[in-house]
Amino acid sequence: MVKRKLAAHDNLKLTITQEGNKFTVKEASTFRTIEIVFELGVTFNYSLADGTELSGTWNLEGNKLVGKFKRIDNGNAVNAVREIIGGELVQTYTYEGVEAKRIFKKE
């Protein structure tokens with residue numbers, strides 16, 4: 001519960017750049033700043049802000065960046081979709097039947 005309350009005030013900013021199939025995502029917040037580099041379709045490991053370790057891939061499906069990951073600790077699927085809707089980046093995560101959305105406004 002404490003992590004959720006902190007996450008509500010993290011002021012996360014994303015910067016996504018693309019060079020061919022290579023993407024760089026810079027995540028900057030009150031609590032951490034990291035840079036994630038990945039190639040479409042290539043498996044990589046990633047750590048969420050709460051320390052949860054994931055392994056998986058990102059792929060382009062039409063205009064959507066679709067991530068299919070598995071938690072390293074229990075093997076459960078974590079799915080993510082990033083898409084531009086109405087000029088905003090909408091990020092949707094699905095885990096064990098629960099869906100969470102976060103909307104980022106362009107600066």
Side-chain angles (χ1 to χ4, degrees):
M1 185 59 118
V2 172
K3 287 181 184 177
R4 287 185 186 158
K5 287 183 180 182
L6 289 172
H9 302 287
D10 73 353
N11 196 27
L12 180 64
K13 292 184 182 180
L14 293 179
T15 304
I16 302 172
T17 57
Q18 177 184 5
E19 293 179 24
N21 283 338
K22 180 181 170 185
F23 282 75
T24 302
V25 179
K26 293 179 183 175
E27 296 182 0
S29 75
T30 305
F31 305 107
R32 75 177 189 164
T33 298
I34 62 169
E35 184 174 284
I36 304 133
V37 179
F38 62 88
E39 288 189 46
L40 296 175
V42 177
T43 300
F44 70 102
N45 291 338
Y46 172 65
S47 177
L48 297 175
D50 69 357
T52 302
E53 298 285 331
L54 305 174
S55 181
T57 61
W58 285 102
N59 287 290
L60 279 177
E61 294 181 10
N63 292 328
K64 298 178 183 180
L65 193 56
V66 178
K68 297 192 183 293
F69 299 92
K70 288 200 181 279
R71 286 180 59 146
I72 291 175
D73 62 346
N74 62 19
N76 290 346
V78 178
N79 296 312
V81 176
R82 289 178 173 159
E83 60 187 317
I84 303 297
I85 300 175
E88 298 173 328
L89 173 66
V90 178
Q91 179 173 275
T92 307
Y93 279 96
T94 306
Y95 180 70
E96 294 187 332
V98 177
E99 183 177 280
K101 287 190 179 190
R102 188 163 192 178
I103 298 170
F104 295 88
K105 297 185 184 297
K106 189 173 183 177
E107 288 187 345

**Q** I'd like to know whether Glu27 forms a side chain to side chain contact (heavy atoms under 4.5 Å, CB included) with Leu12, so could you lay out the CA-CA distance, the side-chain angles of the two residues, the decisive distance to 0.1 Å, and finally the verdict.
**A** CA-CA 7 Å; Glu27 296 182 0; Leu12 180 64; 3.9 Å; yes
**Q** Can you list the steps and then say if Val78 with Arg71 is a side chain to side chain contact (heavy atoms under 4.5 Å, CB included)?
**A** CA-CA 7 Å; Val78 178; Arg71 286 180 59 146; 3.8 Å; yes
**Q** Can you give me the closest heavy-atom contact between Val42 and Thr57, atom names plus distance?
**A**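 Answer, listing the atom of Val42 first, then Thr57: C-CG2, 3.6 Å.
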**Q** If the condition is side chain to side chain donor-acceptor pair (under 3.5 Å), which residues does Thr52 pass it with, not counting sequence neighbours?
**A** Asp50
**Q** Can you measure from CD1 (Ile16) to CZ (Phe104) and round to the nearest 0.5 angstrom?
**A**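 Result: 8.5 Å between the selected atoms.
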**Q** Quick one: side chain to side chain donor-acceptor pair (under 3.5 Å) partners of Glu96, sequence neighbours excluded?
**A** Asn76
**Q** Under the side chain to side chain donor-acceptor pair (under 3.5 Å) rule, collect the residues that match up with Lys106, sequence neighbours excluded.
**A** none
**Q** Nearest 0.5 Å, please: how far is CD1 in Ile72 from OH in Tyr46?
**A**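 Atom-to-atom, Tyr46:OH and Ile72:CD1 are 12.5 Å apart.
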**Q** Any side chain to side chain donor-acceptor pair (under 3.5 Å) involving residues 78-87? Give me the pairs, sequence neighbours left out, ordered by first then second residue.
**A** Arg82-Gln91
**Q** Using side chain to side chain contact (heavy atoms under 4.5 Å, CB included), reason through Thr17 and Glu19 one step at a time and then give a plain yes or no.
**A** CA-CA 7 Å; Thr17 57; Glu19 293 179 24; 5.8 Å; no
**Q** Using modelled atom types and a 3.5 Å cut-off, is there a donor and acceptor pairing between side-chain atoms of Asn59 and backbone atoms of Gly41?
**A** yes
**Q** With sequence neighbours left out, what residues match Asn63 under side chain to side chain donor-acceptor pair (under 3.5 Å)?
**A**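 None.
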**Q** Using a 6.0 Å cut-off, check whether atom CD of Glu99 has over 12 heavy atoms from anything other than its own residue.
**A** yes
**Q** Step by step, work out the side chain to side chain contact (heavy atoms under 4.5 Å, CB included) result for Ile84 and Leu89.
**A** CA-CA 5 Å; Ile84 303 297; Leu89 173 66; 4.1 Å; yes
**Q** Using links of under 4.5 Å between side-chain heavy atoms of ILVMFWY residues, direct or through other members, which residues join Ile103 in one cluster?
**A** Ile85, Val90
